[in-house]
Every structure is written in C-alpha cells, then in structure tokens.
Amino acid sequence: MIEKKHFYMICFDLDNTTVELVDNMHDSFAYYKMTSGKGTGKGTSFRSLGSPSKVKHYIVEYLKDVGHPTATRMVNADVTRKRLGWETTDNFNDCGVFTMRHMEVYKGSDVSFECGFSTNKAIQKMQLKNLRMKIATELLLSDANVYKGIVMGLAKETIHGMKDERVLKMLN
C-alpha cells in the first residue's frame, strides 16, 4: 500500500482468517486510520473507514465473487497491526525499503516474523543503506531491466580504470 507517500503492507492470511497491517512506523505516526472494518452497519459509513479496512472490504468482496471458501469468515476478521520491535518514530524516508524487506520475510500470521532489523538507530541506518544497495543492484542487473546492457557497459568502463581483476571477472 502507499498512502500519502508512505509504504506499508496489508497481509491476508486466509488459512488463519487474519488481516495484518505491517508498518515500520510506530502507530502514533501512522498515515492511515485504523477502523474496525466489520462492514458498514448502523453508524459506520464506508467513507469513514480507514484505507486498510476499505482494502479489506474490497478483497472480501472479490473472495465472495469468486466463491472462495474463506470469504464468509474473512468478513468478520479485524485488521490488526503487527507489532514490530524495530518500529521507527523519526525515519520518514525508508518506508519503501522496510516494506520490501517485510514482503521478503513475511510467511503468515502464525509464523514468527523477524526481519533482522536492529532497534539501535545507528545499526539500523547501516542495515537500511546496505539493503538499498542490494535492492538497487538487483533491479539494475535484472534481466527485466531493458537498460541492463548500458548499466553493465558503464560498470565495465569504470572497473577497467580500477584494474580490479576480481570485479572484472564478475562482469564478463
């Protein structure tokens, strides 16, 4: 999900009938409204629901339309926020990196969720820098990248000037 330039993840665990929101930001800094999402009964208008509950509503409607066996159970599932030991209160720039890592390691609501992020700000900053480099490298060198050849050519030119044989071997 992206809301007001902030990325977070909503997970639908159909086996365990849960809907979990995973966000690196502490809930006191959330960009979204957490509401029950148990329908639009008396006193609750769809318009007043927060984005996570609206997404849940549309996913449940889709499950009903395709006749999925868990659709009726998912109607009553609350959207809950997953508590993370590495939540941040002052990092408004790395939500995309956090979300990509969360997507990599999330295996379901009933499985231990550990991303390897430190609670120490200095260590976490270094971890995020390393992850950004890893993600950028994977994107640039992906076969799906139509500019991969240009990127590789520029990298080879740069490395030839450095005369590092190990790196040259990797590029060829």
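- Between Phe46 and Lys54, the shortest heavy-atom contact is O-CE, 3.2 Å.
- From Asp78, atom CG reaches atom CG of Leu21 across 13.0 Å, with rounding to the nearest 0.5 Å.
- Both Leu139 and Leu131 are assigned to one and the same hydrophobic cluster, defined by single-linkage of ILVMFWY side chains at heavy-atom distances under 4.5 Å.
- Residues that satisfy the salt bridge (charged side-chain N to carboxylate O under 4.0 Å, His left out) test with Asp90, not counting sequence neighbours, are Lys121.
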Which atom pairs, donor and acceptor, lie under 3.5 Å between side-chain atoms of residues 95-103 and protein residues at least two apart or in another chain?
| from | atom 1 | to | atom 2 | distance (Å) |
| --- | --- | --- | --- | --- |
| Thr99 | OG1 | Phe7 | O | 3.2 |
| Thr99 | OG1 | Cys95 | O | 2.8 |
| Arg101 | NE | Cys115 | O | 3.1 |
| Arg101 | NH1 | Glu104 | OE1 | 3.0 |
| Arg101 | NH2 | Cys115 | O | 3.2 |
| His102 | ND1 | Phe98 | O | 3.4 |
| His102 | NE2 | Trp86 | NE1 | 3.1 |

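- Both Val79 and Met1 belong to a single network of hydrophobic side chains, linked directly or stepwise wherever heavy atoms of I, L, V, M, F, W or Y lie under 4.5 Å apart.
- Here the closest heavy-atom approach between residue Asp27 and residue Glu87 is recorded as N-OE1, 4.4 Å.
- The backbone N or O of Ser109 sits less than 3.5 Å from a side-chain atom of Asp13, completing a donor-acceptor pair.
- A salt bridge (charged side-chain N to carboxylate O under 4.0 Å, His left out) check over residues 17-26, counting only residues at least two apart or in different chains, returns the pairs Glu20-Lys82, Asp23-Arg81.
- A 4.5 Å side-chain heavy-atom check between Tyr8 and Val22 finds every atom pair outside the cut-off.
- Ile59 contributes atom CD1, which lies 11.5 Å from atom NE2 of His68 (distance to the nearest 0.5 angstrom).
- Proximity of His6 to Glu3: side-chain heavy atoms (C-beta onward) are nowhere separated by under 4.5 Å.
- Cation-pi contact between Lys107 and Phe113: absent, since separation from the ring centre below 6.0 Å together with deviation from the ring axis within 45° is not met.
- The nearest pair of heavy atoms linking Arg132 to Asp94 is NH1-OD1, 2.6 Å.
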Item to check | Thr89 and Met25: CA distance, side-chain angles, deciding distance, side chain to side chain contact (heavy atoms under 4.5 Å, CB included) verdict | outcome: CA-CA 6 Å; Thr89 57; Met25 291 300 292; 5.7 Å; no

Checklist entry - After noting the C-alpha distance and the side-chain angles of Thr119 and Gln124, does the key distance pass the side chain to side chain contact (heavy atoms under 4.5 Å, CB included) rule? => result CA-CA 7 Å; Thr119 55; Gln124 190 179 84; over 6 Å; no

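- By the 6.0 Å contact criterion, OH on Tyr62 is open, its count of non-hydrogen atoms from other residues, nucleotides or ligands being 12 or less.
- Of the possible polar contacts, one joining the Asn145 side chain to the Leu140 backbone as a donor-acceptor pair under 3.5 Å is found.
- No donor-acceptor distance shorter than 3.5 angstrom exists from the side chain of Asn16 to the backbone of Thr18, with no hydrogens or angles considered.
- Placement of Ile10 and Leu84 in two distinct hydrophobic clusters is found when ILVMFWY residues are connected by side-chain heavy-atom separations under 4.5 Å, directly or transitively.
- Here the CD1-CE distance, from Ile135 to Met133, works out to 11.0 Å after rounding to the nearest 0.5 Å.
- Side-chain contact between Leu128 and Phe117: present, with at least one pair of heavy atoms (C-beta onward) separated by less than 4.5 Å.
- Just one residue in the list Met126, Lys125, Gln127 forms a side-chain contact (heavy atoms from CB on, under 4.5 Å) with Ser118, and that residue is Gln127.
- By the neighbour-count criterion of 12 heavy atoms within 6.0 Å, atom NZ of Lys134 is sparsely surrounded, having that number or fewer from other residues, nucleotides or ligands.
- With hydrogens and angles disregarded, no donor-acceptor distance shorter than 3.5 Å links the side chain of Ser53 to the backbone of Leu49.
- Between the OG atom in Ser51 and the CD1 atom in Ile2 there is a gap of 11.5 Å [rounded to 0.5 Å].
- Under the 3.5 Å distance criterion, the side-chain polar atoms of Lys56 are matched with a main-chain donor or acceptor of Val75.
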Item to check | Candidate pair Leu63 and Leu14, rule side chain to side chain contact (heavy atoms under 4.5 Å, CB included), full reasoning | outcome: CA-CA 10 Å; Leu63 293 172; Leu14 302 180; 3.9 Å; yes

